[in-house]
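Here the structure is laid out as structure tokens; the discussion comes afterwards.
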Amino acid sequence: MSESQRLDTRLHDRKFVRTFFTSPTAVEGEEDSAKMLRSASTLRGMQAPDVWVPDNEDATAPSMRDEGVENIIEVVAENGASFPGEIHPRVVWHRDSPSTRNAGFEQMLRIADPDADAVEHIDGFVIPEVGGIDDWKKADEFITIIEDEHGLASGSLAMSVIIESGAAELAMGELRSEMGKPTNNLERLFLLVDGEVDYTKDMRAMTPTGELPPWPELRHNTSRAASAAGCIAVDGPYDDIRDEAGYNERIEANQAKGMLGIWSLTPGQVVAANKNPLPPERGEWLVTVGENAESLTERDGVQHYDGDALELTETSDGYELTVNGDSQLLDEDELTDNLLDLTAYVPSLNDIVDSMEQFEAARDAGTGAIAMERSATVVIDDVAVDLSAERMWDEATYQAAMTPVRLFQDVYANRPDQHDALVEQYGADVVKRATDVGN
């Protein structure tokens, strides 16, 4: 395999990760200090994350971390085989502290001991607080030593890192030149996870309210590095756990950057993050005025606008369209053009699969590009307007449309515990077609 093929190729079983769910490994003052680990290990279906992270760092008090290691071993040995996602414990680490790095090494060495019966269910480790690329190599070397010490296959344990410093952010730009060198096993890298809280501290950033900056640059850089190095990008925690709308808005903003995974702090956030990246069950038309997007309501096959930002009346020689109080007189063609600019269609999974099947049939018949039409009748203030738009589909369009389908296929292949939920949501026929298209 050439360097470019190797670096751009996803090297792990999971090609997409929607959810990164952390659980404390030991809770002080409880009769069963492992109760939260035990509870997380029983999650199934949409409540179970793609990646479960028993968190022996920030989520666990320093005085409980030795017990936390033993709890990881006990719970994973007992329930790991039946857990539907991957399991990646988070250990202690710090770029500026040799003693902390050694403690992380000892934690991983203990957890990976085959005699403890847990490592066969563990997919890798999460390393926090990394610094420059040499620090990443230290963690990689420790994991290589652990594999050798315990007779595990080289590279069998993945490594995910949390980007919590400017040094770590810059290190992502060096991955393409470092991965594959005979002096490291950095191909084991799996997830690049943003940790905005510690990143904010490292950057000495402040906001008037004390809230975290949104850090869109960090999220873009992490997504770009993941794409270039064959890894998966995951956003950090959204700590307002009751703000489901804000959480979903963050997920959707990330998706536009190619970052399809996000940290989940509660089973409720896991459900939201598992479902959000999947294509919708039903398509819908949207009207966007300024920054506000509103869904049209379908009644008897016609799309009705029920908001206040648009007004439409017929005049003796055309139409008067009012947008946020600004009116203009338009003929029929001008009205259609204006409404096409204001409206957009969000395709369902069935719509996407239909378009892909049409393109595949045309391509197999020797046609390189075809026009796909989307039409609707939109009613504003009892005035009906027929809208129709065409979009050219070529091979590049097809490949771009493949991303949500590949995500769906990856979920279906790796999460059989979610099959019933997917069939219930989309229907058996659509699920079957979605798993077959493109293959």
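The figures here come from the full heavy-atom set of this structure, side chains too, leaving out hydrogens, waters and symmetry mates.
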Tyr426 (side chain) donor-acceptor with Pro279 (main chain) under 3.5 angstrom: yes

Sidechain-backbone polar pair: Asn274 side chain, Met46 backbone, donor-acceptor under 3.5 Å: yes

Flag, side chain of Glu78 to backbone of Val75, donor-acceptor distance under 3.5 Å: no

Taking every non-hydrogen atom, the tightest pair across Leu335 and Leu312: CD1-CD1, 3.8 Å

Nearest-0.5 Å distance that lies between atom CZ in Arg18 and atom CD1 in Ile262: 13.5 Å

Nearest-0.5 Å distance, CZ of residue Arg65 to CD1 of residue Ile72: 11.5 Å

Which atom of Ala171 lies closest to which atom of Gly132, heavy atoms considered: CB-C, 4.0 Å

Over 12 non-hydrogen atoms of neighbours within 6.0 angstrom of CD in Glu244: no

Salt bridge present between Arg282 and Glu298 (N-O < 4.0 angstrom): no

Intermediate values then yes/no, ring-ring contact (aromatic ring centres under 6.0 Å, His included), Phe125 and Trp93: CA-CA 11 Å; Phe125 291 101; Trp93 189 271; over 10 Å; no

Sidechain N-carboxylate O distance under 4.0 Å for Arg95, Asp202: yes

Residue pair Val17, Glu86: steps toward the side-chain contact (heavy atoms from CB on, under 4.5 Å) verdict: CA-CA 10 Å; Val17 166; Glu86 294 198 0; over 6 Å; no

Under 3.5 Å: donor-acceptor pair, side chain of Thr222, backbone of Leu218: yes

CG (Asp420) with more than 12 external heavy atoms under 6.0 Å: no

Check: Met64 main-chain N/O paired with Glu28 side-chain donor or acceptor under 3.5 Å: no

Closest heavy-atom pair and its distance - Glu196, Gly236: OE1-CA, 3.2 Å

N-O pairing of Arg38 and Glu30 below 4.0 Å: no

Verdict with reasoning, Asp194 to Arg219, per salt bridge (Lys or Arg N to Asp or Glu O under 4.0 Å): CA-CA 7 Å; Asp194 285 342; Arg219 292 182 284 143; 5.9 Å; no

Closest approach of Thr435 to Gln409 (non-hydrogen atoms, all atoms of both residues): O-NE2, 3.5 Å

Val126 and Leu191: CA distance, side-chain angles, deciding distance, side-chain contact (heavy atoms from CB on, under 4.5 Å) verdict: CA-CA 8 Å; Val126 176; Leu191 305 178; 5.9 Å; no

Lys/Arg-Asp/Glu bridge criterion (N-O < 4.0 Å) met for Lys201, Asp198: yes

Parallel, tilted or perpendicular, as decided by the 30° and 60° cut-offs, for the rings of Phe359 and Trp393: tilted

Student check: side-chain heavy atoms of Leu212 and Thr207 closer than 4.5 Å: no

Interatomic distance, Phe190 atom CZ to Ile232 atom CD1 [nearest 0.5 angstrom]: 4.5 Å

Donor-acceptor side-chain pairing of Asn254 and Asp235 below 3.5 angstrom: yes

Main-chain N/O of Trp136 paired with Asp140 side-chain donor or acceptor, under 3.5 Å: no

Contact summary for Val271 and Gln47, nearest pair of heavy atoms: CG2-CG, 3.6 Å

Pair Asn276-Tyr247, side-chain donor/acceptor within less than 3.5 Å: no

No-hydrogen, no-angle side-chain donor-acceptor test under 3.5 Å, Ser264 and Thr19: no

Criterion side-chain contact (heavy atoms from CB on, under 4.5 Å) on Leu265 and Thr22, from CA distance to verdict: CA-CA 6 Å; Leu265 297 173; Thr22 49; 4.2 Å; yes

Near-ring test Trp263/Phe20, centroid separation under 6.0 angstrom: yes

Side chain Asp351, main chain Ser348, donor-acceptor under 3.5 Å: yes

Closest contact, heavy atoms only, His88 versus Ser160: ND1-OG, 4.4 Å

Pair Thr397-Asp394, side-chain donor/acceptor within less than 3.5 Å: yes

N/O donor-acceptor pair under 3.5 Å between Ser223 side chain and His220 backbone: no

Nearest-0.5 Å distance that lies between atom CG in Asn71 and atom CG in Leu37: 6.0 Å

Distance under 6.0 Å and angle within 45° of ring axis: Arg101 vs Phe142: no

Check against salt bridge (Lys or Arg N to Asp or Glu O under 4.0 Å), Arg250 and Asp240: CA-CA 12 Å; Arg250 178 72 168 225; Asp240 189 348; over 6 Å; no

Residues Val91, Asn56; criterion side-chain contact (heavy atoms from CB on, under 4.5 Å); working and verdict: CA-CA 5 Å; Val91 299; Asn56 208 46; 5.5 Å; no

Trp52-Ser41 side chain donor-acceptor pair, cut-off 3.5 Å: no

Short N-O contact, Glu357 and Arg433, less than 4.0 angstrom: yes

Residue Met206 excluded, over 12 heavy atoms near CE under 6.0 Å: no

Donor on one side chain, acceptor on other, Asn79 and Ser82, under 3.5 Å: no

Atom pair OG (Ser355) and CD1 (Ile370), whose distance is rounded to the nearest 0.5 Å: 8.0 Å

